[in-house]
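Since the structure comes first, as C-alpha cells, the remarks are kept for the end.
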Amino acid sequence: MEKTFAIIKPDAVERNLTGKILSRTESKGFRIVAMKRVCLTLPEAEGFYHVHKERPFFKDLTQYMCTGPVVLMVLERENGIKAWRELMGATNPAEADEGTIRKDFAVNLEKNSVHGSDAPETAAFEISYFFNPAEISS
Ligand code: CMP
C-alpha cells in the first residue's frame with residue numbers, strides 16, 4: 001500500500017463536485033485515510049507550492065488556491081501515487097485522457113480541479129504539511 005496526497009481545488013468544491021470526485025476515487029480502489037475541508041491562507045499555499053516559487057504562474061496559483069474552500073486528503077492504494085495521477089489526468093485538461101477527473105471537470109490549466117503528489121518524497125512532504133500522524137487512519 002502506498003499513500004499519496006490529494007487536493008480537491010476551489011473550482012471543484014465551488015461547483016459541488018466533491019462527492020462525484022470522492023465517488024470516483026473510492027471506485028478506483030483508493031481508501032480515503034484522512035480528509036479535511038479548509039480555506040488555505042496565502043502563506044500556507046505558498047509553502048505548499050514552494051517548489052514552483054520561481055515559476056511565472058506561482059502568484060496566480062497560490063492566490064487562486066485561497067479563493068475558496070479546498071478538500072485535503074491522504075489516499076491509500078497499491079501504487080497509489082501513480083494510480084492517482086492517472087485518475088486525475090494531465091495537468092492541462094486540454095491534454096487529459098477520456099475518463100479522467102481533469103478531462104471531465106477541470107476548467108483550465110490553473111483551475112484544474114485536483115492536485116496529486118508526483119513522487120514518494122513529494123507525497124511525504126505534502127502529507128506531513130497538512131496532516132499529523134494521529135489524523136491518518138489506515
Ligand atoms: P498542480 O498539480 O496542483 O501543481 C501545480 C499547479 O500549477 C498545477 O497543478 C496547475 O494548476 C498550476 N499551473 C498553472 N500554470 C501552470 C503551467 N504553465 N504549468 C504547470 N502547472 C501550472
Side-chain angles (χ1 to χ4, degrees):
M1 285 297 154
E2 182 179 60
K3 288 185 179 63
T4 191
F5 176 76
I7 305 179
I8 304 177
K9 295 187 180 186
D11 67 275
V13 174
E14 201 268 332
R15 288 176 289 145
N16 253 354
L17 294 170
T18 300
K20 283 201 173 83
I21 291 172
L22 295 181
S23 172
R24 285 190 186 208
T25 305
E26 290 191 322
S27 71
K28 289 285 181 185
F30 291 91
R31 274 189 195 285
I32 302 165
V33 297
M35 179 163 63
K36 54 190 170 191
R37 173 175 160 133
V38 296
C39 289
L40 299 182
T41 65
L42 190 58
E44 276 176 331
E46 289 171 343
F48 177 75
Y49 279 120
H50 74 279
V51 293
H52 296 305
K53 69 176 183 297
E54 304 304 333
R55 307 286 289 274
F57 57 84
F58 181 73
K59 188 161 179 247
D60 285 347
L61 168 66
T62 51
Q63 286 179 350
Y64 158 65
M65 291 298 288
C66 303
T67 56
V70 295
V71 176
L72 310 174
M73 299 183 284
V74 181
L75 305 177
E76 192 173 78
R77 210 199 93 155
E78 203 172 295
N79 229 341
I81 294 172
K82 184 162 176 276
W84 174 245
R85 291 183 71 79
E86 283 173 6
L87 180 56
M88 286 196 300
T91 307
N92 186 344
E95 295 162 10
D97 288 338
E98 294 295 331
T100 62
I101 291 171
R102 283 169 169 162
K103 176 72 177 182
D104 292 344
F105 300 130
V107 178
N108 56 38
L109 182 54
E110 180 179 87
K111 296 181 174 61
N112 64 353
S113 297
V114 280
H115 167 84
S117 309
D118 61 4
E121 313 75 58
T122 331
F125 164 74
E126 293 180 351
I127 290 168
S128 66
Y129 191 82
F130 285 116
F131 290 96
N132 298 317
E135 294 175 302
I136 303 169
S137 324
S138 293

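One-based numbering, in listed order, for ligands and for the atoms of each.
Looking at ligand 1, you'll find an N or O of Y49 within less than 3.5 Å of one of its N or O atoms.
At a heavy-atom distance under 4.0 Å, no atom of D60 approaches ligand 1. Residue contacts with ligand 1 for N112 involve side-chain atoms from C-beta outward but no N, CA, C or O (heavy atoms, distance under 4.0 Å). When non-hydrogen atoms are compared, ligand 1 lies under 4.0 Å from neither the backbone nor the side chain of K111. Of the heavy atoms in R102, only side-chain atoms (C-beta onward) come closer than 4.0 Å to ligand 1.
Side-chain contact between L40 and F48 is absent, with no heavy atoms from C-beta onward closer than 4.5 Å.
Nearest protein neighbour of atom 21 (N) of ligand 1, counting heavy atoms only, is F57 CZ, 3.7 Å. Closest to atom 18 (N) of ligand 1 among all protein heavy atoms lies L109 CD2, 3.5 Å.
When the side chains of ILVMFWY residues are joined at heavy-atom separations under 4.5 Å, either directly or via intervening members, L17 and L109 end up in two distinct hydrophobic clusters.
Side-chain N or O atoms of R102 include one that pairs as donor or acceptor with a backbone N or O of G89 at under 3.5 Å. For the pair R31 (side chain) and S138 (backbone), a donor-acceptor distance under 3.5 Å is absent.
A cation-pi arrangement is not found for K36 relative to F130, the charged atom failing to lie both closer than 6.0 Å to the ring centre and inside a 45° cone about the ring normal.
In this structure, Y129 has its ring center no closer than 6.0 Å to that of H50.
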